[in-house]
Amino acid sequence: MDNSATRDDPLSPAVIAYNPQAIEQKWQRTWQERGTNHTDLQRAQRPFYALMMFPYPSAEGLHVGNLFAFTGNDIYGRFQRLMGHNVFEPLGYDAFGIHSENYALKVGKHPMDLIPKNIDNFQRQLESAGLMVDWRASLRTTDPVYYKWTQWLFLQLLKQGLAYKKTAAVNWCPSCKTVLANEQVVSGGFCERCKTEVEQRLLEQWFFRISDYAPRLLANLDHIDWSETTKTAQRNWIGRSEGAELEFRTRKVKGDECTIRVFTTRPDTIYGATYMVLAPEHPLVDALTTSKEKKKVDAYRDKTTKQDLVARKTSTDKTGAFTGSYAVNPATEKEIPIWISDYVLMEYGTGAIMGVPGHDQRDFDFASKFDLPIVRVVCGEREDANSPLHEAFTECEAGTLVNSGMFDGYEVEPAKKAIVDFLAKSGSAKPVVNYRLHDWCISRQRYWGPPIPIIYCDDCGTVPVPEKDLPVVLPFIEDFKPDDSGVSPLARHEEWYRVACPKCGKTGRRETDVSDTFLDSAWYFLRYPSVNHDDVPFEKNVTKKWLPVTSYIGGNEHAVLHLLYSRFITMVLHDAGHLDFEEPFTRFRAHGHIIREGAKMSKTQGNIVNPDEYIESWGADAFRTYLMFLGPYEQGGDFRDASISGTRRFLDRLFASVQSMSSEGSADQSVMRKLHQTIRKVSEDIPRLSYNTAVAAMMEYINILRKGERTPHRDEVVPLITLVAPFAPHLAEELWEQTGGNGSVFDSAWPAFDPMLAKEDTIELVVQVNGKLRGKILVVPDIDESAAVVAALADPTVARFVGGTPRKVVFVPGRLLNIVV
RNA sequence: GCGGAAGUGGCGGAAUUGGUAGACGCGCUGGACUUAGGAUCCAGUGGAGCAAUCCGUGGGGGUUCGAGUCCCCCCUUUCGCACCA
């Protein structure tokens, strides 16, 4: 669809048509030649680090969703530059990971060949979109000079005691044939990537102690400037709950006494604990199981470990087995039976609970099924100790304790504290805060990632690769296909993993697992300003100048993955003395997502849009402006082909206005007033990412500018070039040049807003009678109430509705007059 | 079940603190220019009514001079998390 041809009206040769393709090519070339997008990292006086989440370079190329995200950041960055900042807007590639590897497998190519091609394609697309990216500071996580430092990072965590190896039940994706972090298991048990049901497997894996940082990760959320939605997601994921750890003594178990520790948020209900449940994997199960019950317990454990996660999590039907042993309730001193059941999770709390069927629905279901006693220990307003329970009573407010010995009559909240205090005297209770956040499993049994820099030696054990030997280069191997063995394809390559132990020199064996892609991306923002420093991960002075990141924009799908990991890694580096800040992103805003035909645009939905064709037919500037106009940036919006013509028309009119404007005479005062109102509006909207309304304001202005057949004056038009520049950078540069501007428009100043020029000399005062609109009167802005009433009553409609004497008058100066009769 | 976001014309969406509901754009209708128009320009466009006017922001209550906006109840959509003790 070539619109430009028809725009060349042969009858009016004086009109030069707006040809975006030519203009965009010209300016992309000029920017490159002039280094317009380069940031002087050393000399910058007012550094502004405008970061966007880097893309994974897929073979399909950049899609509209990426461009929507990047454009939003670009506009913000360009605006800040026009406001006088030295803006640094880098962009790199998150090129390691299962994504790329799976695709390579699918098309039968090697990721080492595929990735550079994909990146070339991305680079071409990104450049055609006109982003203000300083490509000299680009990076790719697959580059050994980059992942050398990813490996270094692992060693730092190891040094700090924050990396450890353990055998654990981990999430295994049978399709991707690798372990997944908890954050990568979605919808209660499916692989985030391929949606396959996740299995539980016992494997030896490397973990990072992110859970040690839970209190800080949570507390800092209160004072960072982030989208609330993101902070809420992180708070929920970290999952703080306040409660108590209680100890239950058991009767002699094979000659010894032992104690079972439970975590509860409801210590007040301890008098109602009529049984205990351990997770099937709980270490005490064997010791507690009597010989009589052994068969049943073993059979149950066998069944639950084989069962996949989904069946286990979706079933509400309770199952379990009795161990044959009993514990003593420390409050009632009664013996209560000890059971095992899969509704108790080993990963949370202590892996054991006290069963309070009266006041927890899950316990109620379990007790009902196995005929365990159900005792009421809290009652509501119209109940007493004997009121029957048909389901668990879980209300806390307005609950009073009953059947609870000396605590009868206590309200729930004070009872929690009183009971813990009381039990603490005998050492069987202490207040505890529990977090849902688990340690971060970073091992991946795959090929396409940075090898974990560890060497195992029969004599020296687990030996870190010395920093001087980094990087541990990922070798090129043909057979990188993962298998079911639970080890990486690298484990099939003895020539690679057989190496001398760095400590003793005897033959050792490399760790063959690679690290999680999210480790690559947990620190990339530290690297950009330092990409030219080969000897350090991030150079001290440049880091001091540019970090933490001034503004970060990205998708909320990373709220509990990338964004949490990045905060953790930054804290670790801070604690180890490598950084002098502990929060990486001063300001973060989550952008929305583009919807098409009612569905989120994604590859699986098959409704992705390739931006190339749109840029080609409408121009990058019109397309960028359209993307920003289609809905509120932080909420996303509906992508509809038909609407792009509107933003293109807007740019056409701007172009035409510059061609036809006149320098003679003087600017129209009311147009200038509107101009300054527009400057104010756009200047306010861009910082709060309200791009759609900023574009609307500029459209409104250009409609006024061209109203009727008038020839716009130069002074009315030129400032608009700068206002539109963040959205349509190529066109703005062209018009800037045409109107005699020096250098790049982006090195000029944002138009100054003059409140005096924006001020209206008359306003429309809304007149209501009994709150209903009955008229509008033109008055001076600072009119007082009595004058306004007089003017209003002069309006026949108003006078008719008012009739007699007003009972009351509400006057909002400059806005509205409401006459109540 | 828990938590978040949202519900406004034919459509995408506007509406700082409660103060003109529907900005801006698409689409649609009519007109101008034209050999032609899927280009451009002009006018109109929430619904009903000739009109004065009335009705309108998912539904129902409430507070207020005044409610899309605040409070209570309900419905719907959507996105996270999910046996978290």
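The structure presented is a predicted model; accordingly, all values stated were derived computationally and were not measured. Labels below follow one simple rule: chain letters A, B, ... track the order of the sequence lines, proteins then strands, and each chain is numbered from 1.
Using a 4.0 Å cut-off, no side-chain N or O of A:R648 falls inside it from OP1 or OP2 of B:G25. For B:G27, neither phosphate oxygen OP1 nor OP2 lies less than 4.0 angstrom from any side-chain nitrogen or oxygen of A:R640. Taking 4.0 angstrom as the limit, A:R649 places none of its side-chain polar atoms (N or O) nearer than this to OP1 or OP2 of B:C41. Between A:R235 and B:C81 there is no side-chain N or O to OP1 or OP2 distance below 4.0 Å. Taking 4.0 angstrom as the limit, A:R774 places none of its side-chain polar atoms (N or O) nearer than this to OP1 or OP2 of B:A52.
The ring of A:F518 has its center no closer than 6.0 angstrom to the ring center of A:W440. When ring centroids are compared, A:F370 and A:Y275 stay outside the 6.0 Å threshold. Ring pair A:Y691/A:F68: centre-to-centre distance not below 6.0 Å.
For the P atoms, the distance linking B:A52 with B:G46 amounts to 15 Å, nearest Å. Straight-line distance between the C1' atoms of B:U63 and B:C73: roughly 15 Å, to the nearest whole Å. Spacing between B:U40 and B:U34 at atom C1', rounded to whole Å, works out to 11 Å. Between the P atoms of B:C70 and B:U16, the separation comes to 11 Å (whole Å). Between B:U8 and B:C55, the distance separating the two C1' atoms is 15 Å to the nearest Å. Between B:G3 and B:U53, the distance separating the two C1' atoms is 48 Å to the nearest Å. B:G44 sits 29 Å from B:G19 when the C1' atoms are compared, rounded to a whole Å. When the P atom is compared between B:G13 and B:G31, the two are found 33 Å apart, to the nearest whole Å.
The environment of A:K759 atom NZ is sparse: at most 12 non-hydrogen atoms of other residues, nucleotides or ligands sit within 6.0 angstrom.
Contact annotation for A:A233: no contact, since no heavy-atom pair falls under 4.0 Å across all strands. No engagement by A:R240 is indicated, since no non-hydrogen atom pair under 4.0 Å with the nucleic acid exists. Counting non-hydrogen atoms under 4.0 angstrom, A:D363 reaches nothing in the nucleic acid. If you check every strand for non-hydrogen atoms under 4.0 Å, A:F801 touches sugar and phosphate atoms only. Residue contacts for A:E764: at a heavy-atom cut-off of 4.0 Å it reaches a base atom on one of the strands shown. Counting any heavy atom pair closer than 4.0 Å across all strands shown, A:T647 reaches no nucleic acid atom.
With the nearest nucleotide of RNA chain B identified for both A:N434 and A:G631, A:G631 has the one nearer the 5' end. Where A:T232 and A:R688 each meet RNA chain B at their nearest nucleotide, the meeting point lying more 5' is that of A:T232.
Which of B:C81, B:C83, B:G25 sits closest to the side chain of A:W237 comes down to B:C81. Distances from the side chain of A:F629 to the nucleotides B:C26, B:G25, B:C83 place B:G25 closest. Relative to the side chain of A:E684, the nucleotides B:U16, B:U40, B:A14 differ in distance, and B:U16 lies closest. Comparing atom distances between the A:A696 side chain and each of B:G13, B:A85, B:A23 picks out B:A23 as nearest. Of the listed nucleotides (B:A85, B:A15, B:C54), B:A15 has the atom at the smallest distance from the side chain of A:T693. Here the nucleotide nearest the side chain of A:K318, chosen from B:C83, B:A85, B:C26, is B:C83. The nucleotide whose nearest atom lies closest to any side-chain atom of A:T229 is, among B:A21, B:G4, B:A82, B:G4. Checking B:C24, B:A85, B:U53 against the side-chain heavy atoms of A:N703 singles out B:C24 as nearest. The side chain of A:N692 sits closest to B:A14 out of B:C83, B:A14, B:C26. The side chain of A:S643 sits closest to B:C26 out of B:A14, B:C26, B:U20.
With its glycosidic angle within 90° of 0, B:G9 adopts the syn conformation.
Secondary structure note: stems in RNA chain B built from 3 or more consecutive Watson-Crick or G-U wobble pairs under 3.5 Å occupy B:1-7 with B:75-81, B:10-12 with B:24-26, B:27-32 with B:40-45, B:46-48 with B:53-55, B:58-62 with B:70-74.
Distance OH (A:Y626) to C1' (B:C24): 13 Å, rounded to an integer number of Å. Counting to the nearest Å, the C1' atom of B:C83 and the CZ atom of A:F263 are 16 Å from each other. Computed from coordinates, the A:Y435 OH to B:A85 P distance equals 14 Å when rounded to whole Å. Atom CD1 in A:I270 sits about 17 Å away from atom P in B:A85, given to the nearest Å. Here B:G13 presents its C1' atom at 18 Å from OH of A:Y691, a figure rounded to the nearest Å. The distance from atom CG of A:L778 to atom P of B:U20 is 17 Å, rounded to the nearest whole Å. Look at CG on A:L723: it is 18 Å from P on B:C24, rounded to the nearest Å. At whole-Å resolution of the value, CZ in A:R706 and P in B:C41 are 6 Å apart.
Scanning both residues, A:S241 and A:Y348, for their nearest heavy atoms gives OG-OH, 2.9 Å. Nearest heavy atom pair, residue A:L437 against residue A:S211, reads O-CB, 3.5 Å. Between A:H282 and A:M346, the shortest heavy-atom distance links the atoms CA-SD, 3.6 Å.
With rounding to the nearest 0.5 Å, the separation of OG in A:S643 from OH in A:Y626 is 4.5 Å.
Relative ring orientation between A:H676 and A:F753 is described as tilted, the plane-to-plane angle lying within the 30° to 60° band. Below 30°, between 30° and 60°, or above 60°: for A:Y633 and A:H591 the angle between ring planes is between 30° and 60°, a tilted geometry.
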Extract from the structure each pairing of a protein N or O with an N or O of nucleotides 63-67 of chain B at less than 3.5 Å, listing the distance.
from, atom 1, to, atom 2, distance (Å)
B:C65, O2', A:N818, ND2, 3.3
B:C65, O2, A:N818, ND2, 2.3

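Figure legend: cation-pi geometry between A:R436 and A:W237, with NZ or CZ positioned under 6.0 Å from the six-membered ring centre and within 45° of its axis. For the pair A:K318 and A:Y343, the cation-pi criterion (under 6.0 Å, within 45° of the ring axis) is fulfilled.
Neither side chain, A:S227 nor A:N556, offers a donor N or O lying under 3.5 Å from an acceptor on the other. Using modelled atom types, one finds a donor on one side chain and an acceptor on the other under 3.5 Å when comparing A:T693 with A:S690.
With hydrogens and angles ignored, a donor-acceptor pair under 3.5 angstrom links the side chain of A:R815 to the base of B:U17.
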